[in-house]
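Have a look at the structure below before the remarks.
Everything numeric here is computed off the predicted structure, so don't read it as measured data.
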Amino acid sequence: MKKSYLMRSLMFVPAHNQKLLDSAVRRDADVLLLDIEDSVPFSEKQHSRDNIIEFVKRPDLNYKLLFPRVNDRESGELLRDAYQLTIEGITGFMYPKATKGEDIYFFGKLLETIEYEKGFPIGTFKIIPLIETAGAVINIKEICSACSRVIAVAFGCEDYVTDLQGKHDAEGQSIMTARNLISIGARSCGVLPIDTVHIKVHDLEDLEKNLLLSRNLGFEGMLVLNPKELPLVHQYYSPTKEEIKWAEEMIDLAKEAQLEGKGVAVKDDKFIGPPMVKMAKAILSKRDLIQRKSIQYLE
């Protein structure tokens with residue numbers, strides 16, 4: 001059975017900055033993206049890796065998922081990143097600048113070789129490709145299905161708009177098609193789609209409007225730049241009490257229909273068929289993941 005991951009919020013933390021690493025521990029992000037790529041100067045790459053090796057030993061991480069954002073295969077740093085950071089406490093890696101399935105297949109095979117040499121079960125370390133170019137958007141299904149390690153795929157809007165030679169307009173029209181394609185492509189492969197960062201980090205009203213749209217587009221979570229965004233992000237990517245109640249009701253009605261030998265149930269003159277039951281199961285599964293995280297946090 002494929003493991004489920006709670007990924008409402010994936011917060012970037014520059015790994016060369018000890019102050020920000022210490023601060024990140026106190027935040028409630030589901031995933032910490034320990035960055036050793038864009039936000040880290042070349043001279044600080046090894047220092048960042050050393051910081052991460054120490055960071056995973058902290059007793060106060062509260063079961064956060066840790067995904068270093070490594071450097072891409074053209075950087076000359078990827079082998080060092082992967083070899084040094086395939087360690088206990090790391091769930092997987094965010095791979096930047098993925099443009100085609102071959103990039104992810106290559107990285108997956110590199111991880112397989114390292115796992116074999118270090119004695120980890122093959123497939124231990126997961127991958128989150130970062131979609132940052134027009135080509136990557138077009139190749140989204142190929143990227144998502146290139147390796148069984150891929151559990152989520154995230155959108156990087158700023159690099160995408162630059163590659164597109166477009167403009168990131170206030171209404172978000174220039175990135176709408178990409179967001180749709182990424183969400184559709186990821187879901188079609190059974191991979192979690194993660195929405196792009198909200199660049200107006202201090203405009204929480206705009207963030208809320210964006211989260212509503214993001215949730216409607218089918219995204220599972222969002223990349224986060226600032227901890228102040230986390231409460232709203234978690235609110236919109238968590239099922240509401242009303243949704244949970246509806247889901248429980250759907251499951252109960254479906255069970256009743258099955259016991260009565262019916263293919264579908266009827267409530268308020270509406271048919272309750274397999275699609276609604278599938279949605280209800282997804283809602284309850286996410287509720288369970290959130291509850292499990294809360295219990296672990298208290299332990």
Side-chain angles (χ1 to χ4, degrees), residues 1-37 39-40 47-70 81 84-94 120-121 123-128 130 149 151-152 154 192 194-195 197-198 201 204 207 211 215 219-241 244 282-299:
M1 184 177 177
K2 193 174 181 181
K3 183 177 178 180
S4 297
Y5 295 87
L6 183 62
M7 292 192 169
R8 299 167 299 175
S9 57
L10 294 81
M11 190 171 76
F12 284 107
V13 187
H16 68 302
N17 190 318
Q18 189 60 52
K19 182 178 178 181
L20 292 180
L21 285 170
D22 292 339
S23 174
V25 172
R26 301 190 297 271
R27 310 303 179 181
D28 191 33
D30 294 333
V31 179
L32 296 182
L33 300 172
L34 306 173
D35 195 15
I36 46 180
E37 197 225 3
S39 69
V40 176
H47 179 54
S48 297
R49 290 189 282 264
D50 293 339
N51 278 351
I52 293 172
I53 291 168
E54 292 303 313
F55 186 76
V56 300
K57 301 174 185 176
R58 294 186 62 138
D60 54 349
L61 286 170
N62 295 318
Y63 299 93
K64 290 178 175 62
L65 301 178
L66 304 182
F67 278 77
R69 176 166 70 164
V70 296
D81 294 342
Q84 293 182 38
L85 298 178
T86 43
I87 55 178
E88 293 288 348
I90 296 294
T91 304
F93 301 93
M94 171 169 275
F120 285 104
T124 293
F125 298 97
K126 309 307 179 185
I127 301 175
I128 303 176
L130 187 56
R149 298 172 186 271
I151 58 171
L192 301 178
I194 306 300
D195 204 3
V197 295
H198 179 252
V201 293
L204 296 183
L207 171 62
L211 282 166
R215 190 67 193 86
F219 283 97
E220 187 75 15
M222 177 177 282
L223 300 177
V224 171
L225 293 175
N226 193 305
K228 70 192 298 183
E229 299 174 316
L230 291 172
L232 274 176
V233 168
H234 286 178
Q235 176 186 328
Y236 275 88
Y237 291 118
S238 300
T240 64
K241 291 179 180 179
I244 292 170
I283 289 170
L284 297 181
S285 176
K286 195 163 191 180
R287 175 205 61 184
D288 293 344
L289 284 172
I290 294 168
Q291 288 180 344
R292 197 173 305 137
K293 180 186 174 183
S294 299
I295 292 169
Q296 289 173 332
Y297 185 86
L298 293 172
E299 288 177 345

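- Residue His198 comes nearest to Leu225 through the heavy atom pair O-CD1, 4.4 Å, listed as atom of the first residue, atom of the second, then distance.
- The distance from the OG atom of Ser285 to the CD1 atom of Ile290 is 10.0 Å, given to the nearest 0.5 Å.
- Interatomic distance, Leu223 CG to Arg69 CZ, rounded to the nearest 0.5 Å: 9.0 Å.
- Counting all heavy atoms, side chain and backbone alike, Leu61 lies closest to Val25 at CD2-CG2, 4.1 Å.
- Residues Gln291 and Asp288 are in side-chain contact: their nearest non-hydrogen atoms beyond the backbone lie under 4.5 Å apart.
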Exercise for the section: List the steps, then state whether side chain to side chain contact (heavy atoms under 4.5 Å, CB included) holds for Leu34 with Leu21. Expected result: CA-CA 8 Å; Leu34 306 173; Leu21 285 170; 3.9 Å; yes

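- To the nearest 0.5 Å, atoms CE (Met222) and CG (Leu232) are separated by 10.0 Å.
- In this structure, Ile151 and Leu192 have side chains that are not in contact, with every pair of non-hydrogen atoms separated by 4.5 Å or more.
- Residues Ala154 and Ile128 come closest through the heavy atom pair N-CG2, 4.2 Å.
- Ring geometry for Phe120 against Phe125 counts as perpendicular: the plane angle is over 60°, on a 0 to 90° scale with 30° as the lower cut.
- Under the 4.0 Å criterion applied to side-chain N and carboxylate O atoms, Arg58 and Asp22 are assigned as salt-bridge partners.
- Under the 4.5 Å side-chain criterion, counting only non-hydrogen atoms from C-beta, Leu32 is in contact with Phe55.
- The shortest side-chain heavy-atom distance between Glu88 and Val56 does not fall under the 4.5 Å cut-off.
- With rounding to the nearest 0.5 Å, the separation of CG in Leu289 from OG in Ser4 is 5.5 Å.
- In this structure the side chain of Phe12 reaches within 4.5 angstrom of the side chain of Met94, judged on heavy atoms.
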Practice task
Test side chain to side chain contact (heavy atoms under 4.5 Å, CB included) on Arg49 and Asp81 and set out the steps.
Solution key: CA-CA 7 Å; Arg49 290 189 282 264; Asp81 294 342; 2.5 Å; yes

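- Screening Arg8, Lys286, Lys64 for a salt bridge (charged side-chain N to carboxylate O under 4.0 Å, His left out) involving Asp30 leaves a single residue, Arg8.
- In plain terms, the two heavy atoms of Ile52 and Leu85 that are nearest each other are CG2-CD2, 3.8 Å.
- A distance of 12.0 Å separates CD of Glu229 from CZ of Arg27, quoted to the nearest 0.5 Å.
- Residues Asp28 and His234 share a closest heavy-atom pair of O-CE1, 2.9 Å.
- When all heavy atoms are compared, the tightest approach of Ala29 to Ser9 is CA-OG, 3.4 Å.
- Here the options are Ile194, Asp195, Val233, the test is side-chain contact (heavy atoms from CB on, under 4.5 Å), and the partner is Leu10; only Ile194 passes.
- Side-chain atoms of Tyr237 and Glu220, non-hydrogen and from C-beta on, never get closer than 4.5 Å to each other.
- Going from atom NZ of Lys126 over to atom CZ of Phe67 covers 9.0 Å, rounded to the nearest 0.5 Å.
- The side-chain heavy atoms of Val31 and Tyr5, taken from C-beta on, include no pair separated by under 4.5 Å.
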